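All values derive from a computational prediction rather than experimental measurement. Numbering of ligands and ligand atoms starts at 1, following listing order.
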Amino acid sequence: MTASDRAYSPPAPDAALFPAQARRQEVDDYLTRALAHGLERMRAGPVTPDIDIEAFKRDLAGFDFATPRPLAELLDWSIAMLEHGVTHQTHPRYFGLFNPAPTFPAQCADRIVNSFNPQVASATTSPAAVALEAHVIRSIAQRAGFPSGAGGHFTSGGSEANYTGMLCALTRAHPAFASDGARGFPGAPVFYTSRECHGSWVKIAHQAGIGRSAARLVATDGHGRISMAALEQAIAQDLAAGRVPFLIVASAGTSNAGMIDPLHACADLAARHGLWYHVDAAWGGAVVASGRLRAALAGLERADSATIDAHKWLATTMGCGMFVVRDPAAPGAAFNVAASYMPSNELSLDPYMNSLQWSRRFLGLRLFLSLASAGWAGHAAHIERAVALTARIRSELESRGWSVLNDSPLAVLSLVPPAALGDPRAVVARVLKGGRAWVSLARFEEHDVVRICVTHGETSAEDLSILVQALHPG
Ligand SMILES: *Cc1c(COP(=O)(O)O)cnc(C)c1O
């Protein structure tokens with residue numbers, strides 16, 4: 001060191017961006033308490049947003065970012081924004097889409113990851129994080145019945161996992177896809193899924209450059225499951241017309257109604273035609289945790305790949321999906337690339353060489369802490385509880401003249417109210433206006449239905465009574 005090195009003192013860090021440790025601790029403690037109170041108020045209040053959104057937008061317009069404001073004040077402002085400005089998926093009377101309140105261990109994982117904020121693109125920079133994620137994925141794959149060599153990775157959610165499955169399928173289907181894209185195929189590439197599939201499949205067809213018409217949305221059997229006869233016919237027609245089938249996607253837990261396609265029959269058909277077989281079990285896949293319920297997913301283990309979201313019924317924070325794949329080399333074939341500045345180019349290990357993302361968050365700790373602290377048994381109890389509560393809602397409503405149209409072994413009901421209450425649209429509008437519970441309107445097999453899904457891990461008997469009362473007053 002020279003004298004001038006010792007004398008150099010760099011500009012002080014910006015105190016708002018990088019406060020001193022004591023100040024951080026103070027704000028952290030304040031935030032922890034303020035959040036607990038905010039969540040307590042949220043649970044006692046309406047499930048639906050009660051914010052005056054026009055007033056809020058005027059308030060927002062006042063943030064021109066010219067004059068800094070005190071962080072503590074901004075934290076209160078942020079909590080109030082979320083307390084009043086969103087539908088509360090973490091409210092025990094949210095009977096909505098597949099967005100459960102996150103488990104506490106998953107929330108703890110987020111805090112830890114926020115602090116270290118590791119870059120999980122490569123195994124060289126984050127060896128422990130990469131190893132931990134691989135371990136969790138292997139455990140999920142084995143629990144789902146995949147062979148011991150199966151692999152995969154965490155994704156931003158189910159949409160990315162589905163997209164990954166499609167790119168693996170396309171890459172395997174034709175050697176020219178990697179260099180020439182869809183035009184490398186001798187005919188238009190097409191894939192099959194039911195018309196009850198998740199809408200992400202249509203977006204994915206667009207993104208992948210094969211076009212939305214490549215998604216063959218096959219008719220259902222009248223009960224929300226793919227019709228095998230219609231599926232066979234669609235494949236035969238496409239083959240006769242010179243198109244190139246490359247993938248069958250079965251849904252294991254449709255978003256609409258929790259229906260499970262015939263997984264074995266789809267596997268047989270895919271094998272017969274040499275097609276990639278993907279099971280979209282974004283929500284339903286969590287059922288592998290339950291010894292009692294997992295038989296509902298028999299056939300999942302025959303898939304080439306599967307989507308199982310951790311942020312759905314495994315209840316981590318968002319967004320946290322998983323792509324599970326029988327041949328762990330398949331994603332590398334789709335995503336490998338050379339980058340001289342990266343610390344390694346290990347096809348077998350590096351997440352950036354095996355997935356859509358490059359810079360990536362350390363997601364796996366959420367599910368790891370959840371599974372490690374509660375075990376499969378804890379997750380099984382969470383899932384079985386939701387199914388039991390669903391059965392309870394069903395019997396309460398059936399005794400009041402409601403009918404259930406779907407026949408799902410999982411925790412979703414497609415309900416038609418008795419005529420005296422009005423149509424499903426009117427019933428849902430009334431429930432949401434009251435704000436005491438959240439349910440949604442859906443369409444199932446040509447009928448409007450009230451859709452109810454038990455998602456929250458702590459919904460109580462009293463919550464169920466309030467729900468039933470909101471649906472069926474009097
Ligand atoms: C939720 C869901 C998706 C999409 O997953 P995201 O995590 O929302 O991207 C895909 N398929 C099914 C069956 C789903 O339930």
Contact region, Ser159 to ligand 1, non-hydrogen atoms below 4.0 Å, reads both

Is there a side-chain contact between Thr48 and Asp50, using heavy atoms and a 4.5 Å cut-off?
no

Looking at [X], which atoms of ligand 1 are within less than 4.0 Å of one of its heavy atoms?
{"X": "Phe98", "answer": "15 (O)"}
{"X": "Asn162", "answer": "10 (C), 11 (N)"}
{"X": "Gly157", "answer": "7 (O), 9 (O)"}
{"X": "Gly253", "answer": "13 (C)"}
{"X": "Ser255", "answer": "12 (C), 13 (C), 14 (C), 15 (O)"}
{"X": "Asp309", "answer": "5 (O), 6 (P), 7 (O)"}

Given the options Val416, Leu421, Leu413, Val468, Trp402 meets side chain to side chain contact (heavy atoms under 4.5 Å, CB included) only with Leu421

dist Gln357:CD -> Leu363:CG (nearest 0.5 Å) comes out at 7.0 Å

Heavy-atom nearest pair, Val439 first then Leu467, reads CG1-CD1, 3.8 Å

Q. Is there a heavy atom in His311 that sits closer than 4.0 Å to ligand 1?
A. yes

Judged by modelled atom types alone, do Asp221 and His223 share a side-chain donor-acceptor pair under 3.5 Å?
no

Of the protein's non-hydrogen atoms, which lies at the shortest distance from [atom], and what is that distance?
{"atom": "atom 6 (P) of ligand 1", "result": "Gly158 N, 3.3 Å"}
{"atom": "atom 11 (N) of ligand 1", "result": "Asp280 OD2, 2.7 Å"}
{"atom": "atom 14 (C) of ligand 1", "result": "Lys312 NZ, 3.0 Å"}
{"atom": "atom 10 (C) of ligand 1", "result": "His198 CG, 3.2 Å"}

**Prompt:** Parallel under 30°, tilted from 30 to 60°, perpendicular over 60°: which one fits the rings of His135 and Phe368?
**Reply:** perpendicular

Item to check | Ring geometry between Phe246 and Phe185 (parallel below 30°, tilted from 30 to 60°, perpendicular above 60°) | outcome: tilted

* Arg225 with Asp261: basic N within carboxylate O range, under 4.0 Å -> no

Any carboxylate oxygen within less than 4.0 angstrom of a Lys/Arg side-chain nitrogen, looking at Arg195 and Glu445? yes

Looking only at distance, does Ala282 have an N or O less than 3.5 Å from an N or O of ligand 1?
no

